[in-house]
Structure formats: C-alpha cells, structure tokens
Amino acid sequence: MSERNENTNRYVPPPADLLTDYGRTGQTDIIGLNEIIRAEDFISARSPLAFAVGKNDRGETVLCDFERAPQIIVAGRTGSGCAMFLDCLVVSIIYKAAPSDVRFMLIDSDKGYFKKYEGMPHLSDSGLIRDRTVAVASLEFALTEADRRVELFSACGASCIDDYNERVRKGEVRGEKLTKTIVVIAELSEFMLGEKRVRVEKAVAGLASKGRSVGMYLAIATAMPTNTVLSMRIASSIPSRIAFCTSTAAESQTILHTAGAERLGNDEMLFYPAYAAAPEKTKRVYADALDILNVIVYLQTHSDRSGSSARDIKHMPEMSCDPLAVEALQAAMHHGYISASTVQRRFSVGYARAMRILDGLEARGFIAKDAASSKYSVTAVGEAYVHGSADGIDVKPSFSTSEPELKELFVRALATAVEAGEISVPDMQHDLGIGYVQAKKILDIMSAEGCLGDERADSPVRSVKITANDAADKYGARFGQGDGT
C-alpha cells in the first residue's frame, strides 16, 4: 500500500474494483460505494476527511467533510441503515487518507458490528474496542489527548493541527507529526442507559468543543433516537445530523428538531450538516459486507504496518508452520473461536504443540486472542485465507448438527427470508446483528437444506423457495411477529 519514493512514503489506496459496481450488474437502483469513490466530486475533494453520504434528488453526489462538520450524529430505527452508513464513512476515508494521516478509534456495539475492521492499519493504537469499561476509558483518554494537543499548540503558537504538523515538517517545532483521529461509536445507547452515562457525556462534550482544531472528530450512531440517549448535553455539542427512517415523528424531532424522518423510505436519509440551512433528502450508499472484507484484507496484506504480504495469506510457509495449522484455522472458523484445549481435544496433541499452532496462526494475523479469555477469534485475514483455500471447511454445514444458538439464528433468518422472498449475507448481518462468518454459515445451511434458489454470479441476493408452511413445520419458524422470531 505504501511505496518508497526517495525519502517519502506515498499512500496507494485500495483499488476501487474491490467494491461492487452495481451499474455493471444491472442493479441501477442501488448506489454502490464504488460509484461514489469513482465520482469526480470525491476524487477532486482535497480533504482526507471527506466521506460518502449518497446522492440527492438531482442525482448529484453528496459528500460530507469532517473539516466542515467535525462531529455528526447518525440515528434512525433498527435496520434503517445507520450501521451501513458508518461502513461507508470508514471505507471512503480509507480511500482518501493514509494510516499515518488518519486513524479510527472504533467503539463497537454488543453486536460486534465492527469486528470486520480488526487488524486494519487505520485503527488507532487502542485497536478495536468492544468492552464498555475500556470504551469509556478510551473516550476519556481521547479527551486527555485533546487537552495535551491544545497545550502543545499554545506553546508553539500553532493555530490548529495542520499548522502544527507543517511547522514540524519545516523543522520550526521539535516534535512528531500528529495523526487525526476519528472516534466512531456504533451504538450510543449502550452507554447512556447505565452508570457510565455522566462520564461519556463529559468526554463527548469535551471532544466536541476541541475537536476541530486538535484533529479529533466524532461520529456517533444510535438506533434509539430518544431524549434519554441523545441527551441535551450531547445534542447541543453536535449540531450536524443524519436521520434515517424513524418509527415516530417524535424521534425525527429528537434527531433533526423537525418531523419528516418517519416518512423516509428504506434507502433514504435526511442529511443536515451544521453548515446547511435545511435537511436534504439523500439516497443512501450501499456497501456490501464482502466488499468491505476485501478492502480490509487488501490493506492488511499491502501495508507495512500489518507486517504481512499477499504471499503470506495464500502460502503458509512449510518450514515454520505446523501441518495441523490449516485444519485448526478451519475449525476456528466453523466454531467461531478456538483455544489450546480445543486443539488438544480435536487433534489429540499435547499442550505445547497446541500452543505452537496457535502462536503460529496469531503471528500470521489469522487469529487474535480475546482479552478477557483464553480463546482466539478468527481475523479478516484468517477468513480470507479459509475462503480462498481449496480445502474449504472440513465440516459440511447442516441444520441438524448446528449449535443451539446457530439453530435459533437460522430459524429467525429463515422466517425473515420467507417473508421477504429473498436473503443475503449483508441482510442477515444487519437484521440479526451478527458477523460475516456466522451469517455466511447460516446461508450455507439454508442452501444445504434446499431452502434457497440457485446462486447467481451477479448478485449476493438468493431467492427463497421454501414455503412458509414448510418452514414452520420443518424448522419451527414463526411469522407475523415483527422480528421474525
């Protein structure tokens, strides 16, 4: 990703072809992220903090820029598109900025929606944050860093982060270049309904007041747009808003201070940055989960920071890799995790060899150790290796052999699919709040059980051929209850 040119590093963004071009597949009603990335407005935008929003009623590309709107609230009802909007925000900035210029502090929700970004070179040093206690501490640390930068700029007479970095580059100030940081919170309500509320409010308000000048920005999302979650202190600190479809006019009023979001379609939003006179109806951008995974894997395999290369993924070195490593990785993909005891039981090996296998997989970036347990989860690089392997997963998926939790998710997904008449991996990720690996596994089970129509090369969407009566009789699917459960 970085190319050496004399004494400078030039950032080479991922190829736009990694993102699906829906125009070529005949799905002209979908605005893919590929279309925005290739748009002249996006290419010519000089700011590395410009990101995709969508297209307005006139067919014009709509962008937002953290330089102009340093904090933004994204809200709407569950499944309206908030999570995908955050994906488009993150990925489009990846196409603009190098990891040395912009980093993301990603605070994940309980659903683990940001898991696909694990190991991304653009992540801040805190990595992907899942634990709420760690998340609050990280927000407070970010505020402390903002205060430090204010003092740093004051001492040298710099007006903002760009001014400071320019002085460092010229040698006028002794110090290191500062990186701009975008703090993204996947679900604010998880912090605003508990004891950590006061600390989170204080950190968010503090970052909002200093963010623009010190290079620290905020994107906060919630599927609970109530006055309890979007409190007075937070709402007054963040004037820029994006509203997806809401359940009531009152929720629209909470987000935008006006009604209207309750009448939006599933692919629409109201974009209301602080510099606009009124909300603008915009058709949202679509980012396929597989496309995002491709981009992240590309970054990991082409970045000096990740310490890996494309060859490392496709060819695990024979001299330093245990013969059971590939099977262990496949087992981890199937079960969702792996541990030393799991390797010992499954392959009848001793503890020392089990740990060597796990250490080897971790060193290659295929698995990552969970901070709170002895288990390891599969990273995006590991997923890419398994999906690209000729061997595939060694256990054929089926409903009868699946774990109870997976069976429950299967039944919920099947009920939703039957009612909609179609299903895809991204649909399941959004509707069930699960990761790519689980969603793909459920789709594979549906296919193996004969519930789906033929797979099409030009679309991730599969038609459903099982009837509601058969789904109810054979799998216990229930209908007409809103969430498909």
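If you read the sequence from its start, that first residue is 1, and numbering goes on from there. Computed from a predicted model, the values in this text were never measured in an experiment.
Scored by the ring pair (Phe, Tyr, Trp, His ring centres under 6.0 Å) test, Phe244 finds no partners at all (sequence neighbours excluded). Every side-chain contact (heavy atoms from CB on, under 4.5 Å) that Leu152 has, sequence neighbours left out, goes to Arg148, Tyr164, Leu178. Remark: Asn34 engages Ala16, Leu19, Asp21, Arg38 in a side-chain contact (heavy atoms from CB on, under 4.5 Å) (not counting sequence neighbours). Residues satisfying the salt bridge (charged side-chain N to carboxylate O under 4.0 Å, His left out) test with Glu187, not counting sequence neighbours, are none. Arg212 is linked by a salt bridge (charged side-chain N to carboxylate O under 4.0 Å, His left out) to nothing, counting only residues two or more places apart in sequence or in another chain. Applying the salt bridge (charged side-chain N to carboxylate O under 4.0 Å, His left out) criterion to Asp267, with sequence neighbours excluded, gives Lys283. With sequence neighbours excluded, no residue satisfies ring pair (Phe, Tyr, Trp, His ring centres under 6.0 Å) with Phe42. Shown here are the side chain to side chain donor-acceptor pair (under 3.5 Å) partners of Arg149, two or more places apart in sequence or in another chain: Glu145. Asp147 pairs by the salt bridge (charged side-chain N to carboxylate O under 4.0 Å, His left out) definition with Lys210, not counting sequence neighbours.
Atom NZ of Lys375 has 12 or fewer neighbouring heavy atoms from other residues, nucleotides or ligands inside a 6.0 Å radius.
Looking at His122, its side chain never comes within 3.5 Å of a backbone N or O of Val90 through a donor-acceptor pair.
Every pair passing side-chain hydrogen bond (donor to acceptor under 3.5 Å, both in side chains) that includes a residue from residues 229-245 is listed here, sequence neighbours excluded: Glu201-Ser231. The side-chain hydrogen bond (donor to acceptor under 3.5 Å, both in side chains) pairs that include a residue from residues 40-49 are Ser47-Asp65, where partners are two or more places apart or lie in different chains.
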Would you list the atom pairs, donor with acceptor, under 3.5 Å between side chains in residues 268-281 and any protein atom, with sequence neighbours excluded?
from   : atom 1 : to     : atom 2 : distance (Å)
Glu268 : OE1    : Gly265 : N      : 2.8
Glu280 : OE2    : Asn56  : ND2    : 3.2

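For the pair Arg462 and Ser424, the minimum side-chain heavy-atom distance is 4.5 Å or more.
A donor atom on one side chain and an acceptor atom on the other are not found under 3.5 Å apart for Asp87 and Tyr286.
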